[in-house]
Amino acid sequence: MESKVSNGSGPQDERITNLLVFGFLQNCSNYNFHEELELLGRELPVPAYLKEDYDDELQTDGNRCSYSWMVGREVDSESQEEIIQDIARQLAQIGDRMDHSIHPGLVNNLAMQFMNVNLSEEDRRKHLAAALEQAMQTYPKDMEKEKTMLMLAMLLAKKVADHTPSLLRDVFHTTVNFISQNLLTYVRNLVRNEMD
């Protein structure tokens, strides 16, 4: 039995991961879950490109909050979101080029696992990790491992949602949790490097 170890992630990290995965799905070409993605976008915590109201982030002087969450300096949250969107867009372009190389049987099996309502979130995450491990075997080694894992995790989420659009919400949240648990440091560094 695994013990849960905190990876130090907080609400800001979750927000970044949500924006990254959502942005990736939004920027992928040829997908069948437009309505589900729009509904999901309404449920997410206030992404700037979807909602212009920042009621919960407005300071008393009317300015927007800024964060010093990881780079040791104040960063405007809107520019951070733009950077996350740019990263998501770039990863979606890579994902579109690699989309055909994920075996349909792998996607079918993963979709079947997500359809099992008796599975816990932890079990779903394990199935995603196993599918990701299989997909990693077929990918060229010319891209850094963490980047490949990040892109493939989001690409698997896209393909499962494409296969069965009603699974979008579940596969989205499982993918966000997987990335937060396994690739958070890489995502933080990716955003920080783009901000420098």
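None of these values were measured; they are calculated from a predicted model.
- Contact between Thr164 and Ala111 at its shortest, heavy atoms only, is OG1-CB, 4.3 Å.
- Ala131 approaches Leu110 most closely through the heavy-atom pair CB-CD2, 3.9 Å.
- Scanning both residues, Met154 and Leu91, for their nearest heavy atoms gives CE-CD1, 3.5 Å.
- Leu44 contributes atom CG, which lies 9.5 Å from atom CD of Glu14 (distance to the nearest 0.5 angstrom).
- Separation of atoms CG (Asp13) and CG (Leu184) is listed at 4.5 Å; rounding is to 0.5 Å.
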- Where do Glu122 and Arg125 land on the side chain to side chain contact (heavy atoms under 4.5 Å, CB included) test, with the steps shown first? CA-CA 5 Å; Glu122 180 63 27; Arg125 205 168 32 253; 2.3 Å; yes
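- For the residue pair Glu36 and Leu168, the shortest heavy atom distance occurs at C-CD2, 3.4 Å.
- For the residue pair Leu167 and Met115, the shortest heavy atom distance occurs at CD1-CG, 3.9 Å.
- Considering only heavy atoms from C-beta on, Thr148 stays 4.5 Å or farther from Glu144 through its side chain.
- Annotation: the span from Ile16 atom CD1 to Gln80 atom CD amounts to 4.5 Å, rounded to 0.5 Å.
- Between the side chain of Ser120 and the backbone N or O of Asp123, at least one donor-acceptor pair lies under 3.5 Å.
- Closest of all the heavy-atom pairs between Ala153 and Leu128 is O-CD1, 4.5 Å.
- With hydrogens and angles ignored, the 3.5 Å screen pairs no side-chain donor or acceptor of Asp96 with any backbone N or O of Cys28.
- Put simply, the side chain of Thr175 does not reach to within 4.5 Å of the side chain of Thr17, judged on heavy atoms.
- With salt bridges taken as basic N to acidic carboxylate O contacts below 4.0 Å, one links Asp86 and Arg89.
- Here Gln134 contributes atom CD and Ile102 contributes atom CD1; the two are 11.0 Å apart, rounded to the nearest 0.5 Å.
- Side-chain contact between Leu106 and Lys159 is absent, with no heavy atoms from C-beta onward closer than 4.5 Å.
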- Message: Please determine whether side chain to side chain contact (heavy atoms under 4.5 Å, CB included) holds for the pair Ile87 and Phe24, giving the CA-CA distance in whole Å, both sets of side-chain angles, and the decisive distance to 0.1 Å.
- Response: CA-CA 8 Å; Ile87 292 168; Phe24 177 90; over 6 Å; no
- Message: Go through it in stages, so that I can follow the logic: the residues are Leu19 and Gln85, the test is side chain to side chain contact (heavy atoms under 4.5 Å, CB included), and I'd like the CA-CA distance, side-chain angles, deciding distance and then a yes or no.
- Response: CA-CA 7 Å; Leu19 290 171; Gln85 272 296 97; 5.7 Å; no
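- Looking only at side-chain heavy atoms (C-beta outward), Leu150 and Leu20 come within less than 4.5 Å of each other.
- Inter-residue side-chain proximity for Leu119 and His127 is flagged as met; some heavy-atom pair is nearer than 4.5 Å.
- Between Leu40 and Phe22 the shortest side-chain heavy-atom distance falls below 4.5 Å.
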- Task: Could you please spell out the steps behind the side chain to side chain contact (heavy atoms under 4.5 Å, CB included) verdict for Asn177 and Glu121?
- Result: CA-CA 9 Å; Asn177 289 337; Glu121 176 61 24; 3.0 Å; yes
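- Checked by atom type and distance alone, the side chain of Asp162 never pairs as donor or acceptor with a backbone atom of Lys158 at under 3.5 Å.
- For the side-chain contact (heavy atoms from CB on, under 4.5 Å) with Lys145, the qualifying choice from Met149, Met143, Lys147 is Met149, the only one to do so.
- Side-chain contact between Asn18 and Phe172 is present, with at least one heavy-atom pair separated by less than 4.5 Å.
- Arg124 has its side chain out of reach of His173: every pair of non-hydrogen atoms, C-beta onward, lies at least 4.5 Å apart.
- Leu39 and Val171 sit in two unconnected hydrophobic clusters of ILVMFWY residues. Membership requires side-chain heavy atoms under 4.5 Å apart, directly or through other members.
- Within the model, atoms CZ of Arg188 and CG of Leu183 stand 12.0 Å from one another, a figure rounded to the nearest 0.5 Å.
- Residue Asn30 qualifies as open at atom CG: its count of foreign heavy atoms under 6.0 Å is 12 or below.
- Interatomic distance, CG of Asn193 versus CG of Leu190, reported as 7.0 Å (0.5 Å rounding).
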